[in-house]
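Just so you know, these numbers use all the heavy atoms, side chains as well, and skip hydrogens, waters and symmetry mates. Nothing fancy with the numbering, it's 1 onward along the sequence. Whatever order the structure lists them in is the order used to number ligands and atoms, beginning at 1.
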Amino acid sequence: MLTFDAVTLSQGTFQLTADFQLQADITAVIGPSGGGKSTLLAGIAGFFEPSKGRVLWDNQVLTGTSPAKRPVNMLFQDNNLFPHLTIQQNVGLGLRPDLRLTQDQKQMVADTLDHVGLTDLGARKPAALSGGQQSRAALARVLVSQRPLVLLDEPFAALGPAMKDDMLRLVRETLVQAGKSVVIVTHDPDDARRFADQVILVADGVAHAPVSSEEIFANPPPALRAYLG
Ligand SMILES: Nc1ncnc2c1ncn2[C@@H]1O[C@H](COP(=O)(O)OP(=O)(O)OP(=O)(O)O)[C@@H](O)[C@H]1O
C-alpha cells in the first residue's frame, strides 16, 4: 500500500498536495495538462523530495531513500531501452544491473520474453523491433524485477489505439497477475474507465484521493467535469 502522509510536492512555484492511501491493482492518474500528474509520479519515484510530509510503502518511509533503493520501477514513453544492448540484456537488467545472470535467471528472461509475445526476438537490438515490440520488452524488464510498484507515465501514448489497448491488457495480464501495483498516467479518460480499478484526479494543485473508476465516471466531481468538458 502506498501512503501520502500530508505531502506537498514543489517544482519551482508549482505546488501539489496529496494526503491519501492507495491500494489497487491499477490506478489511473488523470487531469489537465500541467496539473501535476508527472510531479506526483516523480514524488513517488523519489526524483525529488516532498517539501512537506512523507511518502510510505507498506509502512516503510520512502522519503529520504534514493530512487534506486525504492521498491519502484518507472516506465516513460521514451528511453526505456538501451540501444546498444540486446533485448535479452535489456530485460536482464531488471534482474541484475551487471548482467551476470545465472542459468536460471537467463531462463527467466527467456520465459518472460515468451510471456510478452517476443519469443525469438531476444538477440535483436531495440532498433530492430517495432514500437509495440519495444514496449513489450520494456514491460518484460519490469516484470522480471522484484520491485512491487510500477509507475507508467504515458508509456504507450505513441502506439495508436489498438496497440495501446493490447499493451494495457498485457499490463493487467502480466504485471497485476505477478502481484504488482500499477499507477499509470493517461491523457485518455477512456483508458482510465476501461482499464483502471481506481482513479486519482490531479487538478488545481491537489492530487485527489482515489475513487473507483466506475463511481467517478458515473458521478463525476466538479473538477473532473471541468476536465472532461
Ligand atoms: N523542474 C521544474 N521546475 C519548475 N516547474 C516545473 C518543473 N517541472 C514541472 N514544473 C511545473 O509543474 C507543473 C506540473 O507539471 P507536470 O509535468 O507534473 O504536469 P502534468 O499533469 O504531468 O502535465 P502534462 O499532462 O502536460 O504532461 C507545471 O506547471 C510545470 O510547468
- Heavy-atom protein contact below 4.0 Å for atom 31 (O) of ligand 1: no
- Can you check salt bridge (Lys or Arg N to Asp or Glu O under 4.0 Å) on Glu49 and Arg70, steps first, answer last? CA-CA 13 Å; Glu49 296 294 347; Arg70 295 194 179 202; 3.5 Å; yes
- Number the atoms of ligand 1 from 1 as they appear, then name those within less than 4.0 Å of a heavy atom of Gly12, with their elements. 4 (C)
- Query: For the atom pair OG1 (Thr102) and CG (Leu95), what is the distance rounded to the nearest 0.5 Å?
  - Reply: 8.0 Å
- Message: Heavy atoms only, cut-off 4.0 Å: how does Pro32 contact ligand 1, side chain, backbone, both, or neither?
- Response: backbone
- Message: Within the structure, is a non-hydrogen atom of Gly35 found at a distance of less than 4.0 Å from ligand 1?
- Response: yes
- Message: Is a donor from one side chain sitting under 3.5 angstrom from an acceptor on the other, for Gln198 and Ser212?
- Response: no
- Message: Before you tell me yes or no, could you show the steps for Asp197 and Arg172 under salt bridge (Lys or Arg N to Asp or Glu O under 4.0 Å), namely the whole-Å CA-CA distance, both residues' side-chain angles and the distance that decides it to 0.1 Å?
- Response: CA-CA 11 Å; Asp197 306 299; Arg172 189 171 282 284; 3.1 Å; yes
- Is there a salt bridge (Lys or Arg N to Asp or Glu O under 4.0 Å) between Asp191 and Lys164 once you walk through the steps? CA-CA 9 Å; Asp191 288 350; Lys164 188 175 71 169; 3.0 Å; yes
- Message: Between Glu215 and Asn219, do the side chains contain a donor N or O and an acceptor N or O under 3.5 Å apart?
- Response: no
- Considering only non-hydrogen protein atoms, determine which one is nearest to atom 2 (C) of ligand 1 and report residue, atom name and distance to 0.1 Å. Gln11 OE1, 3.9 Å
- Task: Please test Thr27 against Val199 for side chain to side chain contact (heavy atoms under 4.5 Å, CB included), starting from the C-alpha separation and ending with a verdict.
- Result: CA-CA 5 Å; Thr27 303; Val199 173; over 6 Å; no
- atom 26 (O) of ligand 1: the protein heavy-atom neighbour that sits closest, reported with distance to 0.1 Å: Ser33 OG, 2.6 Å
- Do you know the tightest heavy-atom contact between Gly92 and Val109? CA-CG2, 4.0 Å
- Protein heavy atoms: any of them under 4.0 Å from atom 7 (C) of ligand 1? yes
- Message: Among Gly36, Ser38, Gly34, which one puts a heavy atom closest to atom 24 (P) of ligand 1?
- Response: Gly34
- Residue, atom name and distance, where the atom is the protein heavy atom closest to atom 16 (P) of ligand 1: Thr39 OG1, 3.7 Å
- Task: Give the numbers and elements of all ligand 1 atoms closer than 4.0 Å to a heavy atom of Lys37.
- Result: 18 (O), 19 (O), 20 (P), 21 (O), 22 (O), 23 (O), 24 (P), 25 (O)
- Note on the structure: For atom 13 (C) of ligand 1, the closest protein heavy atom turns out to be Phe14 CG, 3.4 Å
